[in-house]
2 protein chains.
Amino acid sequence: MYLVVQAHLRDGIKSGHWTVGDRLPSEAELVAQFGVSRMTVNRALRELEQEGLIRRQQGAGSFVAPLERVAGTLVIRDIHEEIAARGHRHEAEILQMGERRARRGEAQLLGLETGVRLFYSHILHRENGLPLQLEERLVNPACAPDYLAQDFKLFTPTAYLLQVAPLTGAQYQIEAAAANTEQAAALGLQPGDPCLVIERVSRSPSGTVTWVRLVHPGARHVLTGSFDA
Amino acid sequence: MYLVVQAHLRDGIKSGHWTVGDRLPSEAELVAQFGVSRMTVNRALRELEQEGLIRRQQGAGSFVAPLERVAGTLVIRDIHEEIAARGHRHEAEILQMGERRARRGEAQLLGLETGVRLFYSHILHRENGLPLQLEERLVNPACAPDYLAQDFKLFTPTAYLLQVAPLTGAQYQIEAAAANTEQAAALGLQPGDPCLVIERVSRSPSGTVTWVRLVHPGARHVLTGSFDA
DNA sequence: CAGTGGTCTAGACCACTAC
DNA sequence: TAGTGGTCTAGACCACTGA
């Protein structure tokens, strides 16, 4: 029944019957109208508030929220999953992989001290043979000591790291940048060509696990999303 | 009390006490442990599920969700709000504004028929004098008949359109692209320089209101987000 | 089968708001 | 002061799962 109440309110908002700032029926009115208990109506309204569709104020009422921010859930998926979901073939080419001392700033990304040893890998992901993503990654050895022994032609570093160090948080950043010579060579572009770049650090209970920069040819990769009342 | 139960479970997951796939205490166990009613425990768990932190299965139990997808709420704010929030000065320069027949494909974006008349505007937004965003916009005259009479140096088209046609849905797309000559000239770039491009269509109860392309210098604009257990 | 979550009820007390 | 939402209770019936 709470879904029925929700649908009723959603429809009224979508259709313009109630518009931004309007007051919606009170809980008591909805209880009377639908013949359900107040807990049921309360749940319906509380969930609409969590979605951002309405705003509730104790003592005043429930109101249609100003949807002034276009918000949506942006999902960044594992590249293998993403390609497989399109029914295409995914191949990974390991360009570089090894261990070295952290350069200036790198240690900071992982919350480690400068000069500590860390793992790195550069992997090129192809979709049906076409370069789609260059994955530049730094890994905290404390969280994934066997990282360098893995064969990342069989599974992605993302999948491996999620297995050995459960994700509990992340920060990401999306920008457009010009390909440098190394990136251009890997992706089959000219240096300076526009790329969509996602950078991300991932945390687990045992600390910051990994930093990754995902470089995509601007013409071949878009992020999409939507939201709906 | 439901917040106490939530905090307890959240801590256990963050700290690694329960990890991906682990079964959490059942509702009945939490009821006994905290001395609260089942409805209270149920609410705590339901909300954690909505956040994506746990997965619940009728008949089986509640489990720590595999956070295999780095997801976050991406918020695209009105450019004026965004600049003002940084404590900076926002200026808008109207480059073009008028009415014309829809070109091939344009009408389709707005769900109209080819050849119908529509409004357009090209506005350059500056942050402390530096070009930050070129806003190329098409507007459905049926939804905002007075669009051309507005002074968009005083408020943004986004703010105006939200006022006259409440937002009930949107689709957006984020990509990296090379600036064309017009865009480069407006933004003070060289043609071919990388730009972060957001395209969006917005719907309201009265139909598709507007299509907009927001072009940002790649070096001067990033989207950021985070998520947390 | 026993245990799990999904949903709903008919109350209750409280804090807050607007008049 | 009357009406609002915020929270909680102690039950209930149901559908589903796994042994």
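Chain identifiers are assigned alphabetically (A, B, ...) following the order of the sequence lines, protein sequences preceding nucleic acid strands; residue numbering begins at 1 within each chain. None of the values given here were measured: they were computed from a predicted structure.
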Lys/Arg N to Asp/Glu carboxylate O, B/R56 vs B/E27, below 4.0 Å | yes
Qualifying residues under side-chain contact (heavy atoms from CB on, under 4.5 Å), relative to B/P217, sequence neighbours excluded | B/L187, B/L189, B/R220
Applying side-chain contact (heavy atoms from CB on, under 4.5 Å) to A/T210 and not counting sequence neighbours gives A/R137, A/V139, A/L161, A/S202
Among residues two or more places apart or on two chains, list those pairs meeting ring-ring contact (aromatic ring centres under 6.0 Å, His included) that have a residue in residues 23-66 of chain B.
-> B/H8-B/F34
Pairing residues for [X] by the side chain to side chain donor-acceptor pair (under 3.5 Å) criterion, not counting sequence neighbours:
X      : answer
B/H125 : B/H90, B/E135
B/Q108 : none
B/E127 : B/R86, B/H88
A/Q6   : A/R10, A/E47

If a pair satisfies side chain to side chain donor-acceptor pair (under 3.5 Å) and one of its residues is in residues 138-149 of chain A, list it, with sequence neighbours excluded.
-> A/S121-A/Y147
Pull out every residue in residues 38-48 of chain B that has a heavy atom closer than 4.0 Å to any atom of DNA chain D, ordered by number, or say none.
->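 Contacts with DNA chain D under 4.0 Å: B/R38, B/M39, B/T40, B/R43.
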Mind listing the residues from residues 23-30 of chain B sitting with a heavy atom below 4.0 Å of DNA chain C? Number order is fine.
->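 Under 4.0 Å from DNA chain C: B/R23, B/S26, B/E27.
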In residues 56-64 of chain A, what residues come within less than 4.0 Å of DNA chain C, judged by heavy atoms?
-> A/Q58, A/G59
Roughly, in whole Å, what's the span from [atom1] in [X] to [atom2] in [N]?
X     : N     : atom1 : atom2 : answer
A/E49 : D/dT4 : CD    : P     : 17 Å
B/Q50 : C/dG6 : CD    : P     : 11 Å
A/L3  : C/dG6 : CG    : P     : 13 Å
A/R55 : D/dG5 : CZ    : P     : 12 Å

Not counting sequence neighbours, which residues clear salt bridge (charged side-chain N to carboxylate O under 4.0 Å, His left out) with B/R213? List them please.
-> B/E136, B/E199
